[in-house]
There are 2 protein chains.
Amino acid sequence: MVEREYYINSLKRSNYKITPQRITVIDYVKGHSPGHFTAEAIYNAIKSEEPTITLATVYNILKALQSAGTIHSLEVNGTTWFETNTKFHGNFVCDVCGNIYDLDIDEASLLEDVDRDGNEIKQASLILRGVCRSCRKKEADR
Amino acid sequence: MVEREYYINSLKRSNYKITPQRITVIDYVKGHSPGHFTAEAIYNAIKSEEPTITLATVYNILKALQSAGTIHSLEVNGTTWFETNTKFHGNFVCDVCGNIYDLDIDEASLLEDVDRDGNEIKQASLILRGVCRSCRKKEADR
DNA sequence: GTCACTGCAAAGCCTTTGCAATGGG
DNA sequence: CCCATTGCAAAGGCTTTGCAGTGAC
(Lines give C-alpha, C1' and ligand atoms only; values in the text may rest on other atoms or scores of the structure.)
Protein backbone atom coordinates (compact mmCIF):
# COMPACT_ATOMS: atom_id res chain seq x y z
CA MET A 1 0.00 0.00 0.00
CA VAL A 2 1.18 3.49 -0.71
CA GLU A 3 2.27 5.25 2.44
CA ARG A 4 0.92 8.45 3.86
CA GLU A 5 4.41 9.91 3.45
CA TYR A 6 4.16 9.58 -0.29
CA TYR A 7 1.18 11.95 -0.39
CA ILE A 8 2.74 14.29 2.14
CA ASN A 9 6.03 14.50 0.34
CA SER A 10 4.31 15.10 -2.96
CA LEU A 11 2.35 17.95 -1.43
CA LYS A 12 5.49 19.44 0.08
CA ARG A 13 7.34 19.14 -3.21
CA SER A 14 4.61 21.26 -4.78
CA ASN A 15 4.78 23.82 -1.98
CA TYR A 16 1.57 22.85 -0.27
CA LYS A 17 1.30 22.97 3.48
CA ILE A 18 0.45 19.93 5.57
CA THR A 19 -2.70 20.51 7.58
CA PRO A 20 -4.66 18.10 9.75
CA GLN A 21 -7.54 18.27 7.29
CA ARG A 22 -5.25 17.25 4.46
CA ILE A 23 -3.90 14.35 6.49
CA THR A 24 -7.42 13.17 7.19
CA VAL A 25 -8.36 13.20 3.51
CA ILE A 26 -5.11 11.47 2.61
CA ASP A 27 -5.69 8.76 5.18
CA TYR A 28 -9.19 8.24 3.90
CA VAL A 29 -8.38 7.85 0.20
CA LYS A 30 -5.23 5.88 0.98
CA GLY A 31 -7.22 3.55 3.19
CA HIS A 32 -9.85 3.00 0.50
CA SER A 33 -7.50 2.49 -2.45
CA PRO A 34 -7.97 1.61 -5.12
CA GLY A 35 -11.37 3.20 -5.31
CA HIS A 36 -13.42 6.05 -6.73
CA PHE A 37 -14.67 8.88 -4.59
CA THR A 38 -16.75 11.99 -4.99
CA ALA A 39 -15.90 15.05 -2.92
CA GLU A 40 -19.18 14.69 -1.12
CA ALA A 41 -18.59 11.03 -0.26
CA ILE A 42 -15.23 11.89 1.23
CA TYR A 43 -16.78 14.77 3.12
CA ASN A 44 -19.47 12.55 4.60
CA ALA A 45 -16.95 9.87 5.48
CA ILE A 46 -14.57 12.13 7.37
CA LYS A 47 -16.78 14.74 8.97
CA SER A 48 -17.18 12.74 12.16
CA GLU A 49 -13.42 12.72 12.50
CA GLU A 50 -12.97 16.32 11.34
CA PRO A 51 -16.18 17.98 12.49
CA THR A 52 -15.44 21.49 11.33
CA ILE A 53 -14.41 20.60 7.81
CA THR A 54 -16.61 21.77 4.95
CA LEU A 55 -17.25 20.49 1.47
CA ALA A 56 -15.40 23.48 0.04
CA THR A 57 -12.29 22.52 1.97
CA VAL A 58 -12.53 18.95 0.70
CA TYR A 59 -12.63 20.32 -2.84
CA ASN A 60 -9.64 22.48 -2.09
CA ILE A 61 -7.69 19.52 -0.72
CA LEU A 62 -8.56 17.29 -3.65
CA LYS A 63 -7.41 19.99 -6.03
CA ALA A 64 -4.11 20.20 -4.18
CA LEU A 65 -3.61 16.43 -4.23
CA GLN A 66 -4.41 16.35 -7.91
CA SER A 67 -2.07 19.17 -8.71
CA ALA A 68 0.63 17.37 -6.74
CA GLY A 69 0.03 14.39 -9.00
CA THR A 70 -1.10 11.88 -6.40
CA ILE A 71 -4.71 11.51 -7.50
CA HIS A 72 -6.59 11.63 -10.79
CA SER A 73 -10.12 12.68 -11.61
CA LEU A 74 -12.78 11.80 -14.09
CA GLU A 75 -16.15 13.33 -14.86
CA VAL A 76 -19.20 11.12 -15.06
CA ASN A 77 -22.73 12.44 -15.49
CA GLY A 78 -21.91 15.86 -14.18
CA THR A 79 -19.95 14.83 -11.14
CA THR A 80 -16.24 14.54 -10.59
CA TRP A 81 -14.79 11.31 -9.25
CA PHE A 82 -11.33 11.07 -7.78
CA GLU A 83 -9.08 8.03 -7.70
CA THR A 84 -5.69 7.14 -6.31
CA ASN A 85 -4.80 4.90 -9.22
CA THR A 86 -2.60 7.22 -11.25
CA LYS A 87 -1.31 4.51 -13.54
CA PHE A 88 -3.09 4.52 -16.88
CA HIS A 89 -6.18 2.30 -16.91
CA GLY A 90 -9.75 2.24 -18.08
CA ASN A 91 -12.57 3.36 -15.82
CA PHE A 92 -15.62 1.24 -16.45
CA VAL A 93 -18.84 2.98 -15.42
CA CYS A 94 -21.90 0.81 -14.95
CA ASP A 95 -24.91 2.63 -16.36
CA VAL A 96 -27.20 0.58 -14.13
CA CYS A 97 -25.70 0.81 -10.65
CA GLY A 98 -23.30 3.71 -11.20
CA ASN A 99 -20.31 1.89 -9.77
CA ILE A 100 -16.90 2.46 -11.32
CA TYR A 101 -14.40 -0.34 -11.83
CA ASP A 102 -10.81 -0.21 -13.01
CA LEU A 103 -9.86 -2.15 -16.12
CA ASP A 104 -6.24 -2.84 -16.94
CA ILE A 105 -5.23 -1.41 -20.28
CA ASP A 106 -1.78 -1.06 -21.67
CA GLU A 107 -1.11 2.60 -22.32
CA ALA A 108 1.92 1.98 -24.48
CA SER A 109 0.05 -0.08 -27.03
CA LEU A 110 -2.80 2.38 -26.91
CA LEU A 111 -0.73 5.41 -27.71
CA GLU A 112 2.22 4.09 -29.65
CA ASP A 113 0.51 4.37 -33.01
CA VAL A 114 -1.20 7.68 -32.38
CA ASP A 115 -0.33 10.45 -34.76
CA ARG A 116 0.21 13.14 -32.14
CA ASP A 117 0.39 15.72 -34.88
CA GLY A 118 2.68 17.93 -32.85
CA ASN A 119 0.43 17.96 -29.80
CA GLU A 120 1.95 17.21 -26.42
CA ILE A 121 -0.06 14.61 -24.55
CA LYS A 122 0.27 14.87 -20.78
CA GLN A 123 -2.57 12.72 -19.59
CA ALA A 124 -4.99 10.14 -20.90
CA SER A 125 -8.31 9.09 -19.43
CA LEU A 126 -10.35 6.25 -20.81
CA ILE A 127 -13.96 5.98 -19.72
CA LEU A 128 -15.90 2.89 -20.66
CA ARG A 129 -19.61 2.50 -20.14
CA GLY A 130 -21.95 -0.43 -20.11
CA VAL A 131 -23.44 -2.91 -17.70
CA CYS A 132 -21.28 -4.44 -15.02
CA ARG A 133 -21.08 -8.11 -14.27
CA SER A 134 -23.21 -8.01 -11.16
CA CYS A 135 -25.96 -5.96 -12.81
CA ARG A 136 -25.97 -8.34 -15.79
CA LYS A 137 -26.45 -11.20 -13.39
CA LYS A 138 -29.38 -9.44 -11.74
CA GLU A 139 -30.94 -8.77 -15.13
CA ALA A 140 -30.54 -12.40 -16.13
CA ASP A 141 -32.27 -13.50 -12.94
CA ARG A 142 -35.46 -11.61 -13.72
CA MET B 1 -20.53 14.26 -45.82
CA VAL B 2 -23.27 12.59 -43.87
CA GLU B 3 -26.68 13.58 -45.15
CA ARG B 4 -29.44 15.23 -43.23
CA GLU B 5 -31.56 12.16 -43.96
CA TYR B 6 -29.24 10.01 -41.92
CA TYR B 7 -30.00 12.01 -38.79
CA ILE B 8 -33.70 12.22 -39.59
CA ASN B 9 -34.05 8.52 -40.22
CA SER B 10 -32.18 7.70 -37.05
CA LEU B 11 -34.53 9.92 -35.07
CA LYS B 12 -37.57 8.31 -36.70
CA ARG B 13 -36.24 4.85 -36.04
CA SER B 14 -36.10 5.76 -32.34
CA ASN B 15 -39.64 7.17 -32.43
CA TYR B 16 -38.67 10.80 -32.27
CA LYS B 17 -40.66 13.39 -34.18
CA ILE B 18 -39.12 15.64 -36.77
CA THR B 19 -39.54 19.27 -35.83
CA PRO B 20 -38.16 22.39 -37.51
CA GLN B 21 -35.98 23.02 -34.45
CA ARG B 22 -34.48 19.56 -34.73
CA ILE B 23 -33.77 20.07 -38.42
CA THR B 24 -32.01 23.33 -37.64
CA VAL B 25 -29.77 21.70 -35.04
CA ILE B 26 -29.07 18.80 -37.37
CA ASP B 27 -28.11 21.13 -40.20
CA TYR B 28 -25.83 23.04 -37.91
CA VAL B 29 -23.87 20.10 -36.50
CA LYS B 30 -23.83 18.36 -39.88
CA GLY B 31 -22.49 21.52 -41.50
CA HIS B 32 -19.74 21.85 -38.91
CA SER B 33 -18.60 18.23 -38.83
CA PRO B 34 -16.35 16.96 -37.62
CA GLY B 35 -16.30 19.30 -34.68
CA HIS B 36 -17.04 19.71 -31.00
CA PHE B 37 -19.96 21.77 -29.76
CA THR B 38 -21.44 22.83 -26.46
CA ALA B 39 -25.19 23.22 -26.18
CA GLU B 40 -24.75 26.92 -25.65
CA ALA B 41 -22.56 27.35 -28.73
CA ILE B 42 -25.18 25.64 -30.86
CA TYR B 43 -27.88 27.75 -29.29
CA ASN B 44 -26.01 30.96 -30.04
CA ALA B 45 -25.26 29.84 -33.57
CA ILE B 46 -28.83 29.00 -34.50
CA LYS B 47 -30.95 31.45 -32.58
CA SER B 48 -30.95 33.98 -35.40
CA GLU B 49 -32.42 31.32 -37.65
CA GLU B 50 -34.75 29.91 -35.00
CA PRO B 51 -35.53 32.96 -32.86
CA THR B 52 -37.93 31.33 -30.42
CA ILE B 53 -35.70 28.38 -29.56
CA THR B 54 -34.34 28.14 -26.04
CA LEU B 55 -31.29 26.55 -24.53
CA ALA B 56 -33.49 23.95 -22.85
CA THR B 57 -34.82 22.87 -26.23
CA VAL B 58 -31.31 22.58 -27.61
CA TYR B 59 -30.45 20.29 -24.71
CA ASN B 60 -33.57 18.27 -25.39
CA ILE B 61 -32.66 17.91 -29.07
CA LEU B 62 -29.08 16.92 -28.35
CA LYS B 63 -30.30 14.31 -25.96
CA ALA B 64 -32.61 12.92 -28.64
CA LEU B 65 -29.81 12.85 -31.23
CA GLN B 66 -27.54 11.13 -28.77
CA SER B 67 -30.11 8.57 -27.84
CA ALA B 68 -30.69 7.92 -31.54
CA GLY B 69 -26.98 7.22 -31.79
CA THR B 70 -26.00 9.96 -34.21
CA ILE B 71 -23.89 12.05 -31.86
CA HIS B 72 -21.62 11.39 -28.91
CA SER B 73 -20.78 13.48 -25.90
CA LEU B 74 -17.87 14.04 -23.59
CA GLU B 75 -17.48 15.99 -20.40
CA VAL B 76 -14.61 18.40 -20.02
CA ASN B 77 -14.16 20.74 -17.07
CA GLY B 78 -17.79 20.64 -16.10
CA THR B 79 -19.32 21.14 -19.50
CA THR B 80 -20.66 18.66 -22.01
CA TRP B 81 -19.36 18.69 -25.56
CA PHE B 82 -21.13 16.99 -28.42
CA GLU B 83 -19.57 15.60 -31.56
CA THR B 84 -20.79 13.95 -34.74
CA ASN B 85 -17.81 11.62 -34.95
CA THR B 86 -19.32 8.44 -33.55
CA LYS B 87 -16.45 6.23 -34.65
CA PHE B 88 -14.08 5.48 -31.77
CA HIS B 89 -11.28 8.03 -31.47
CA GLY B 90 -9.39 10.05 -28.93
CA ASN B 91 -10.46 13.54 -27.98
CA PHE B 92 -7.44 15.67 -27.32
CA VAL B 93 -8.22 18.64 -25.09
CA CYS B 94 -5.74 21.50 -25.07
CA ASP B 95 -5.37 22.75 -21.51
CA VAL B 96 -4.18 26.12 -22.80
CA CYS B 97 -6.70 27.14 -25.44
CA GLY B 98 -9.48 24.70 -24.61
CA ASN B 99 -9.86 23.47 -28.18
CA ILE B 100 -10.66 19.82 -28.78
CA TYR B 101 -9.07 17.81 -31.57
CA ASP B 102 -9.78 14.30 -32.77
CA LEU B 103 -6.96 11.77 -32.71
CA ASP B 104 -7.23 8.52 -34.63
CA ILE B 105 -6.93 5.53 -32.36
CA ASP B 106 -7.69 1.95 -33.19
CA GLU B 107 -10.40 0.71 -30.87
CA ALA B 108 -9.81 -2.94 -31.66
CA SER B 109 -6.19 -2.91 -30.56
CA LEU B 110 -7.13 -0.83 -27.56
CA LEU B 111 -9.75 -3.21 -26.25
CA GLU B 112 -8.68 -6.60 -27.55
CA ASP B 113 -6.54 -7.41 -24.54
CA VAL B 114 -8.86 -6.01 -21.92
CA ASP B 115 -10.01 -8.42 -19.28
CA ARG B 116 -13.68 -7.47 -19.37
CA ASP B 117 -14.25 -9.57 -16.28
CA GLY B 118 -17.84 -10.26 -17.27
CA ASN B 119 -18.72 -6.61 -17.78
CA GLU B 120 -20.49 -5.61 -20.97
CA ILE B 121 -18.80 -2.64 -22.61
CA LYS B 122 -21.15 -0.57 -24.74
CA GLN B 123 -19.15 2.58 -25.26
CA ALA B 124 -15.63 3.86 -24.89
CA SER B 125 -14.48 7.44 -24.62
CA LEU B 126 -10.84 8.42 -24.55
CA ILE B 127 -9.96 11.91 -23.40
CA LEU B 128 -6.37 13.09 -23.75
CA ARG B 129 -5.08 16.30 -22.31
CA GLY B 130 -2.03 18.39 -22.89
CA VAL B 131 -0.86 21.29 -24.99
CA CYS B 132 -1.84 21.47 -28.64
CA ARG B 133 0.55 22.13 -31.46
CA SER B 134 -0.45 25.71 -31.98
CA CYS B 135 -0.22 26.60 -28.29
CA ARG B 136 3.21 24.94 -28.09
CA LYS B 137 4.31 27.08 -30.98
CA LYS B 138 3.08 30.21 -29.23
CA GLU B 139 4.91 29.22 -26.04
CA ALA B 140 8.12 28.61 -27.97
CA ASP B 141 7.88 32.06 -29.54
CA ARG B 142 7.96 33.81 -26.20
C1' DG C 1 5.67 37.08 11.19
C1' DT C 2 3.81 35.90 6.75
C1' DC C 3 1.14 33.81 3.62
C1' DA C 4 -1.55 29.78 2.61
C1' DC C 5 -5.40 27.44 4.35
C1' DT C 6 -9.85 26.87 6.69
C1' DG C 7 -14.71 27.57 7.52
C1' DC C 8 -18.71 29.72 6.25
C1' DA C 9 -21.98 31.71 3.25
C1' DA C 10 -23.11 33.06 -1.00
C1' DA C 11 -22.74 32.99 -5.83
C1' DG C 12 -21.99 30.71 -10.31
C1' DC C 13 -22.28 27.62 -13.97
C1' DC C 14 -24.38 24.09 -16.47
C1' DT C 15 -28.35 21.31 -16.95
C1' DT C 16 -32.90 19.68 -15.90
C1' DT C 17 -37.73 20.15 -14.62
C1' DG C 18 -42.63 21.55 -14.52
C1' DC C 19 -46.23 23.17 -17.01
C1' DA C 20 -49.27 25.31 -20.36
C1' DA C 21 -49.54 25.87 -25.29
C1' DT C 22 -48.46 23.96 -29.81
C1' DG C 23 -48.06 20.96 -33.73
C1' DG C 24 -46.30 16.54 -35.94
C1' DG C 25 -47.77 11.95 -37.27
C1' DC D 1 -56.85 13.79 -32.30
C1' DC D 2 -53.24 12.50 -29.19
C1' DC D 3 -49.06 12.68 -27.24
C1' DA D 4 -44.37 14.37 -27.87
C1' DT D 5 -42.20 18.65 -28.18
C1' DT D 6 -41.59 23.50 -27.47
C1' DG D 7 -40.87 27.79 -24.87
C1' DC D 8 -40.50 29.85 -20.66
C1' DA D 9 -39.32 30.29 -15.98
C1' DA D 10 -37.74 28.38 -12.15
C1' DA D 11 -35.25 24.97 -9.61
C1' DG D 12 -31.41 21.77 -8.95
C1' DG D 13 -26.79 19.74 -8.49
C1' DC D 14 -22.10 20.37 -8.29
C1' DT D 15 -18.27 23.40 -7.70
C1' DT D 16 -16.07 27.76 -6.90
C1' DT D 17 -15.45 32.26 -4.77
C1' DG D 18 -14.85 35.97 -1.33
C1' DC D 19 -13.53 37.04 2.97
C1' DA D 20 -12.33 37.16 7.85
C1' DG D 21 -9.97 34.38 11.13
C1' DT D 22 -6.47 30.80 11.97
C1' DG D 23 -2.34 28.19 11.89
C1' DA D 24 1.73 25.96 9.30
C1' DC D 25 6.38 26.87 8.44
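To find a chain, count down the sequence lines: A is the first, B the second, and so on, and within it residues start at 1. Remember, it's a predicted structure, so these values are computed and weren't measured experimentally.
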Please work out which of the three classes, parallel, tilted or perpendicular, describes the rings of F92(B) and Y101(B), given edges at 30° and 60°. tilted

Look at the side-chain N and O atoms of [X] and state whether any lies under 4.0 Å from the OP1 or OP2 oxygen of [N].
{"X": "R22(B)", "N": "dT6(D)", "answer": "yes"}
{"X": "T19(B)", "N": "dT5(D)", "answer": "no"}
{"X": "T52(B)", "N": "dG7(D)", "answer": "yes"}

With the threshold set at under 4.0 Å for non-hydrogen atoms, list the residues of residues 124-132 of chain B touching DNA chain D in residue-number order. none

Look at the side chain of [X] and decide which nucleotide, out of [options], has an atom nearest to it.
{"X": "K63(A)", "options": "dG25(C), dT16(D), dT16(C)", "result": "dT16(D)"}
{"X": "N60(A)", "options": "dG7(D), dC5(C), dT17(C)", "result": "dC5(C)"}
{"X": "K17(B)", "options": "dT15(D), dG7(C), dG24(C)", "result": "dG24(C)"}
{"X": "L55(A)", "options": "dC14(C), dT15(D), dG7(C)", "result": "dT15(D)"}
{"X": "Q21(B)", "options": "dC14(C), dA4(D), dT6(D)", "result": "dT6(D)"}

Given axes from five pairs at either end, by how many degrees does the helix from dG1(C)-dC25(D) to dG25(C)-dC1(D) bend, rounded to 10°? 50°

Using the side-chain contact (heavy atoms from CB on, under 4.5 Å) definition, which of the options T19(A), I26(A), I61(A) pairs with L11(A)? I26(A)

Would you classify [X] as touching base, sugar-phosphate or nothing, given that sugar-phosphate means primed atoms plus P, OP1 and OP2, and contacts are heavy atoms under 4.0 Å?
{"X": "A56(A)", "result": "base"}
{"X": "T57(B)", "result": "base"}
{"X": "P20(A)", "result": "sugar-phosphate"}
{"X": "T80(A)", "result": "sugar-phosphate"}

Going by atom types alone, do N85(A) and H36(A) pair a side-chain donor with an acceptor below 3.5 Å? no

Okay, side chain of R22(B), backbone of K17(B): is any donor-acceptor separation there less than 3.5 Å? yes

Is V58(B) close to L62(B) at the side-chain level, that is, under 4.5 Å between some pair of heavy atoms? yes

